[in-house]
Number of protein chains: 2
Amino acid sequence: MPTNPNTLLDETIARCRKAGLRRTWALEALLKHLIAAKSPLTFGDLAEMKTLKDRCDKATVFRLLVRLEKHGILRRLGLHDRSAYYTMHFPGEHSDFLICTQCGIIEKLDIACPVEKLEAQISKQSGFKKLYHELEFFGVCPKCG
Amino acid sequence: MPTNPNTLLDETIARCRKAGLRRTWALEALLKHLIAAKSPLTFGDLAEMKTLKDRCDKATVFRLLVRLEKHGILRRLGLHDRSAYYTMHFPGEHSDFLICTQCGIIEKLDIACPVEKLEAQISKQSGFKKLYHELEFFGVCPKCG
DNA sequence: ATACATGCAAACATTTTGCTTTGGC
DNA sequence: GCCAAAGCAAAATGTTTGCATGTAT
């Protein structure tokens with residue numbers, strides 16, 4: 001989509017308005033930062049950014065992020081509850097997971113993971129060593145649906 | 001690897017010993033729970049499990065998890081710093097990431113994601129709706145390596 | 001005997017909430 | 001003017017650490 005960044009911003013604001021959000025200074029500033037970012041930003045990163053920090057409270061940033069995610073404007077990465085998940089790791093074994101975005105239940109997926117072969121290639125291109133990967137599918141489980 | 005669970009436990013303890021860990025009651029109990037689990041457990045889950053809760057402190061569980069992960073016996077899921085990451089989500093767009101396990105830097109990967117096509121199939125099999133996925137590669141970046 | 005492992009309590013970081021006030025529509 | 005959004009401050013959550021003590025080797 002990387003069209004003109006300004007157009008992008010306008011389009012995004014339009015999507016927000018359609019979702020019923022008001023065009024506030026904080027909304028606009030937050031979106032600018034996120035659109036400009038080349039990689040994901042933490043809530044903390046965002047709340048600390050000088051422009052935002054000077055003109056709005058972290059609670060505002062927080063609630064904006066939540067609202068924007070609910071409307072699909074943003075995506076929050078990773079397991080969405082605030083806890084550290086651990087699983088056994090047996091050499092040569094790998095699992096992928098299916099996670100409910102509502103209740104958080106995690107199921108192990110029994111599929112042939114199509115990603116293994118990419119690791120060598122990515123390692124070569126990036127210079128990263130000891131590569132491994134995680135693949136998670138998110139959705140709404142039958143119970144929550 | 002799903003051999004006899006007891007053998008599995010023994011093998012795992014052997015790996016721990018080789019890594020220089022002592023065979024303590026807590027180590028053994030923790031591994032039992034993790035091996036028995038069908039899906040990942042949170043630090044909280046583990047620390048609260050009756051057997052563990054009665055006989056050892058959460059700090060012990062915590063430090064065991066950290067040690068076991070360091071030695072590759074366990075794997076911790078997700079972005080490893082304790083913060084919530086957000087990224088723009090444009091309809092039809094999808095990104096995969098490459099993350100350094102040492103310094104946490106996140107790079108956007110410019111690859112054709114091989115997973116898209118699996119979503120429909122998984123949705124059908126599992127009954128989960130509104131599927132999307134995340135694919136992250138982890139490794140040690142050139143700077144940290 | 002010596003280090004590594006544990007327990008307890010206290011500190012921390014990050015996220016989340018309640019309530020009042022402001023400002024977009 | 002009405003209701004969603006912002007501000008402020010305080011709580012909740014989920015780890016993480018320091019230090020004294022215990023225990024596997």
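Order of the sequence lines fixes the chain letters, A, B, ..., with proteins taken first and strands second; residue numbering starts at 1 for each chain.
His133(B) and Glu136(A) share no donor-acceptor pair across their side chains, judged by distance under 3.5 Å alone. Judged purely by distance below 3.5 Å, without hydrogens or angles, the side chains of His94(A) and His89(A) never pair a donor atom with an acceptor atom. For the residue pair Thr51(B) / His33(B), a side-chain donor-acceptor distance below 3.5 Å is found, with atom types taken as modelled.
One atom, CZ of Arg55(A), and another, P of dT22(C), lie 16 Å apart when rounded to the nearest Å. If you measure from atom CD of Glu28(A) to atom P of dA5(D), you get 15 Å, rounded to the nearest angstrom. As a whole-Å value, the separation of Lys58(B) NZ from dG14(D) C1' is 9 Å. Remark: C1' of dG18(C) and CG of Asp57(A) are 13 Å apart, rounded to the nearest angstrom. Per the geometry, CG belonging to Asp54(B) stands 12 Å off P belonging to dG7(C), to the nearest Å. Rounded to an integer number of Å, the gap from Lys53(A) NZ to dG7(D) P is 14 Å. At whole-Å resolution of the value, CG in Leu65(B) and P in dG14(D) are 15 Å apart. Protein atom CZ of Phe43(A) is 17 Å distant from nucleotide atom P of dT13(D), rounded to whole Å.
Between the side chain of Arg17(B) and the backbone N or O of Leu21(B) there is at least one donor-acceptor pair closer than 3.5 Å. The closest donor-acceptor contact from the side chain of Glu134(A) to the backbone of Gly78(B) lies under 3.5 Å.
Side-chain proximity of Phe62(A) to the nucleotides dT17(C), dT17(D), dG7(C) is greatest for dT17(C).
A cation-pi arrangement is found for Arg75(A) relative to Tyr132(B), the charged atom lying closer than 6.0 Å to the ring centre and inside a 45° cone about the ring normal.
Counting heavy atoms from C-beta outward, Glu69(A) and Leu65(A) have side chains that stay 4.5 Å or more apart.
Residue Arg63(A) is in base contact, counting any heavy-atom pair closer than 4.0 Å across all strands shown.
A ring-centre distance under 6.0 Å is found for Phe43(B) and Phe62(B).
The stretch residues 76-85 of chain A comes close to DNA chain C through Arg82(A), each having a heavy atom under 4.0 Å from the strand. Contacts between residues 17-25 of chain B and DNA chain C, defined by a heavy-atom separation under 4.0 Å, are made by Leu21(B), Arg22(B), Thr24(B).
At least one side-chain nitrogen or oxygen of Thr60(B) sits closer than 4.0 Å to the OP1 or OP2 atom of dG7(C).
Between the CG atom of Leu131(A) and the NZ atom of Lys124(A) there is a distance of 14.0 Å, given to the nearest 0.5 Å.
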